[in-house]
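Here is the structure we will look at, set down as structure tokens.
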Amino acid sequence: MTAVTDRQKLAYIAQQAADARVNVELETEGMTLNLGPQHPATHGTLRIIARLDGEQVISAEPVMGYMHRGYEKLAEVRTYAQVTTLINRIDWLGSFANEVPFILAAEQLMGVEAPPRAKWIRTMLFEMARVANIGLFLGEMGLQVGAVTPAFYAFRDREFVLNQIEAVTGGRFHPNFDRIGGVKDDLPKGWIDETKAVMAKMRDFCDLIEELLMGSEIFEARCRGIGVIPPDVALQYGLSGANLRASGVDWDLRRDANHGLLAYDDLDFEVWTHPDGDSFARFWVRLQEVRTATKLVDQLCDGLPSGPIMAKVPRIIKVPAGEAWVSTENPLGEMGYYVVSQGDLTPFRVKIRSASFNNVSIIPWLLRGVYVPDVITILGSLYFILGDIDR
Amino acid sequence: MIRVSDTTDAPEDEAPQPDELREGLVARLSEILGDALVATEILPGKDLWVRVRNDAWAAAAEAVRYTLGARYFCFLSAIDWMPSPYGRYLDAEVDTILNPPEPKEPEPMVPGVTGGDTRLQVFARVTNVREHWGITLKADVASDDDPRIGTWTKVYAGADWHEREAWEMFGITFDGHPDLRHIYLPSEFEGHPLRKDFPLLARVVKPWPGIVDVEPFPDTGEGDEQSAEAGSGEGGAATEESGS
């Protein structure tokens with residue numbers, strides 16, 4: 001940890017002063033800045049109405065719903081396979097990861113368990129979705145603070161992962177590959193070796209990002225001490241994933257709440273936490289997570305069991321009545337589905353707990369007293385996807 | 001597995017393992033809440049559901065956060081248990097415009113895990129990240145024109161947006177919430193979409209025609225091309241969605 005710079009001291013004092021002022025002044029003062037809904041920095045159609053006093057934010061209010069597609073309502077009239085098609089599109093960068101908790105919840109209600117090979121393939125695609133999603137974050141975090149180059153490297157190297165996902169599932173962005181009882185198809189020939197080569201390339205990409213971005217003084221100055229989230233606040237707001245671990249909370253659903261649903265019990269991986277809770281910490285944790293994910297995919301490739309990829313399930317699936325909650329450690333955080341079934345072809349109610357909704361709910365609290373350029377840094381470091389917020 | 005009709009193939013000797021952790025949690029909760037704790041359900045080794053009385057909703061939040069240590073707020077939402085009067089499927093076997101279906105008797109309302117007496121129920125999930133367990137809390141909400149329940153925002157700050165969404169989608173008022181207004185929908189929006197009696201708007205705007213006769217391709221003629229495309233486009237969409 002570096003010594004506290006003057007800039008950080010100033011930021012701290014300014015934040016204290018802004019806090020004091022917020023309590024006293026009316027919100028009608030200052031300038032209202034409208035960030036979005038179309039804005040390069042907001043990852044989609046997020047609109048933030050910020051009231052400024054000079055360069056400092058007095059209050060920031062996110063306005064959402066520009067991408068609200070009503071998935072929870074739509075899911076009530078679709079069969080489970082059709083819902084799977086829909087929910088691919090919630091977090092469109094970590095595509096396969098969206099399907100997994102829903103299918104696992106439906107399997108819990110049905111009482112079927114996917115065969116081991118299917119479980120491992122699921123976990124493999126899950127981790128590859130993490131590599132693709134967070135790999136892009138690593139590049140575009142640079143974009144948020146002004147370093148344009150890493151984003152292109154991220155997009156280029158992400159293509160290798162997407163090609164592998166396409167080779168198995170047929171879809172780069174929306175695989176629609178998970179089925180109740182297993183996965184749709186088996187792996188093509190030669191895929192395992194190619195994937196291991198791609199994971200090695202992604203590890204090189206991580207090293208590149210570390211050199212390019214993390215080593216840069218400018219990046220450190222822009223990110224260290226910015227947007228500090230204390231751990232108890234993070235827990236109250238339901239922050240999850242790297243956001244929570246960067247505030248020092250050691251909670252990873254893969255290790256702590258897997259319940260045998262995915263293959264993590266047989267795998268060896270580290271969970272990274274960082275005590276600082278600032279934007280730099282969130283970036284650092286995600287960088288380590290991508291490296292860990294590539295190593296997990298290697299382990300999964302090496303140890304993939306043979307066998308069937310689908311359990312015996314009827315052709316027309318009627319899920320027995322009941323309620324199930326399954327959540328997994330998705331790339332963006334904890335994503336879960338609360339599936340209520342009444343013994344029908346279609347679910348009765350699907351509550352989609354998306355990570356970004358909670359991650360973004362902290363913004364009004366977090367952005368008080370922050371300078372405008374730091375607003376962009378903080379939004380970038382929280383890393384939300386609009387489809388995940390708005391569903 | 002929670003099943004209403006039990007058709008399990010599980011071997012008979014697999015007695016449900018006593019889940020000490022969750023039973024201990026239920027015991028501590030019932031100590032604090034007393035008879036406000038209406039029902040519980042344990043899925044051994046996996047999950048715990050607890051239903052509390054409407055007026056004890058905020059007290060239940062305090063109990064799980066401060067006493068049981070579940071400091072991680074997962075989500076809060078609601079369920080509408082009324083069976084949908086518009087049916088449960090996307091496809092119709094007949095053309096509902098020319099042959100509107102007979103109005104049927106409304107199906108009985110079947111409540112879910114831990115039961116319930118009302119049409120609307122609020123449910124929330126919190127997790128204890130130290131001891132690695134989660135708990136789903138539920139509460140009935142009176143189904144009259146003004147469904148109300150206490151707010152969780154004093155206990156979990158993150159409940160703010162979740163309660164706004166539950167109000168917007170179900171019409172449940174959270175007493176004590178600082179700022180209950182629309183979160184996804186425009187501020188002039190009327191109605192509460194996730195209620196079962198609110199129709200899926202896409203079906204109102206363009207009623208589902210049911211099985212559509214696909215227009216045959218014309219043999220020749222450029223003038224027919226546009227109408228052929230339109231006809232086959234709709235027919236294609238119909239055949240796509242009629243398979244499941």
Side-chain angles (χ1 to χ4, degrees), chain A residues 62-68 70 72-74 76-79 81-82 108-111 232-240 244 249-251 256-257 259 316 320-325 327 334 336 338 340-346 348-349 351-354 357-358 360-362 364-365 390-391, chain B residues 1-5 7-10 43 45-47 49 65 71-75 77-81 83-84 86-90 110 112-113 123 125-127 129-130 132-134 136 155-162 165 169 182-186 193-194 196 198 200-203 241 244:
Chain A
V63 177
M64 307 172 318
Y66 290 94
M67 195 135 209
H68 180 64
E72 296 181 7
K73 185 84 179 173
L74 288 173
E76 292 171 8
V77 290
R78 277 167 171 70
T79 65
Q82 290 171 328
Q108 183 176 317
L109 285 173
M110 281 196 78
D232 46 306
V233 176
L235 285 172
Q236 265 199 51
Y237 278 93
L239 251 53
S240 50
L244 189 63
V249 180
D250 190 12
W251 171 244
D256 302 327
H259 301 304
I316 303 210
E323 298 178 18
W325 160 258
S327 69
E334 172 179 0
Y338 192 90
V340 178
S341 162
Q342 292 203 327
D344 221 339
L345 288 174
T346 62
F348 186 77
R349 163 106 170 95
K351 160 70 189 167
I352 307 172
R353 191 270 184 200
S354 56
F357 187 67
N358 287 42
V360 172
S361 68
I362 203 176
W365 180 88
D390 283 351
R391 291 172 259 126
Chain B
M1 281 35 87
I2 311 285
R3 290 200 200 166
V4 170
S5 63
T7 56
T8 178
D9 307 321
L43 184 61
K46 286 213 170 154
D47 214 345
W49 283 263
R65 178 159 188 229
R71 291 158 55 215
Y72 177 87
F73 173 74
C74 199
F75 70 88
S77 186
I79 309 181
D80 182 351
W81 287 107
S84 170
Y86 299 99
R88 301 282 309 284
Y89 309 105
L90 204 56
V110 178
V113 171
F123 70 118
R125 185 162 178 95
V126 292
T127 311
V129 299
R130 291 249 172 85
H132 303 177
W133 52 260
T136 305
V155 184
Y156 292 98
D160 183 355
W161 278 20
H162 293 252
E165 191 197 349
M169 294 293 166
H182 283 284
I183 190 167
Y184 283 139
L185 303 171
L194 273 177
K196 289 288 166 54
F198 190 99
L200 193 55
L201 283 181
R203 290 288 157 252
E241 298 217 354
S244 61

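The figures here come from the full heavy-atom set of this structure, side chains too, leaving out hydrogens, waters and symmetry mates. Throughout, protein chains are lettered first and strands after them, A, B, ... in sequence-line order, and every chain is numbered starting at 1.
Closest heavy-atom contact between A:Glu323 and B:Trp81: OE2-CH2, 3.2 Å. Of all non-hydrogen atoms in A:Arg349 and B:Ala78, the two that sit nearest each other are NE-O, 2.8 Å. Closest heavy-atom contact between B:Tyr72 and A:Gly238: OH-O, 3.6 Å. Residues B:Cys74 and A:Arg353 share a closest heavy-atom pair of O-NE, 2.9 Å.
Looking at A:Leu239, only its backbone comes within 4.5 Å of chain B, counting heavy atoms on both sides. Contacts of B:His182 with chain A are absent, with no heavy-atom separation under 4.5 Å from either backbone or side chain. The parts of A:Trp325 that come within reach of chain B are both its backbone and its side chain, each placing non-hydrogen atoms under 4.5 angstrom from that chain. Using a 4.5 Å cut-off between heavy atoms, A:Val360 contacts chain B through both its backbone and its side chain. Neither the backbone nor the side chain of A:Ser327 comes within less than 4.5 Å of any heavy atom of chain B. The part of B:Asp47 that comes within reach of chain A is its side chain, from C-beta onward, which places non-hydrogen atoms under 4.5 angstrom from that chain. Heavy atoms of B:Leu194 lying under 4.5 Å from chain A belong to its backbone as well as its side chain.
Using bins of under 30°, 30° to 60° and over 60° for the plane-to-plane angle, the ring pair B:Tyr184/A:His68 lands in the parallel bin. A perpendicular orientation is assigned to the rings of A:Tyr338 and B:Trp49, their planes being inclined by more than 60° (bins at 30° and 60°).
Annotation: side chain of A:Pro62 is in contact with side chain of B:Trp161 (closest heavy-atom distance under 4.5 Å). Inter-residue side-chain proximity for B:Met169 and A:Lys73 is flagged as unmet; no heavy-atom pair is nearer than 4.5 Å. Counting heavy atoms from C-beta on, the side chains of A:Trp251 and B:Arg130 never come closer than 4.5 Å. At least one side-chain heavy atom of A:Phe357 sits under 4.5 Å from a side-chain heavy atom of B:Ile183.
With chain A as the partner, the residue from B:Thr127, B:Ile79, B:Val155 showing the most heavy-atom pairs under 4.5 Å is B:Ile79.
A salt bridge is absent between B:Arg125 and A:Glu334: the closest approach of a Lys/Arg side-chain nitrogen to an acidic carboxylate oxygen does not fall below 4.0 angstrom.
Of the possible polar contacts, none joining the A:Lys351 side chain to the B:Ser77 backbone as a donor-acceptor pair under 3.5 Å is found.
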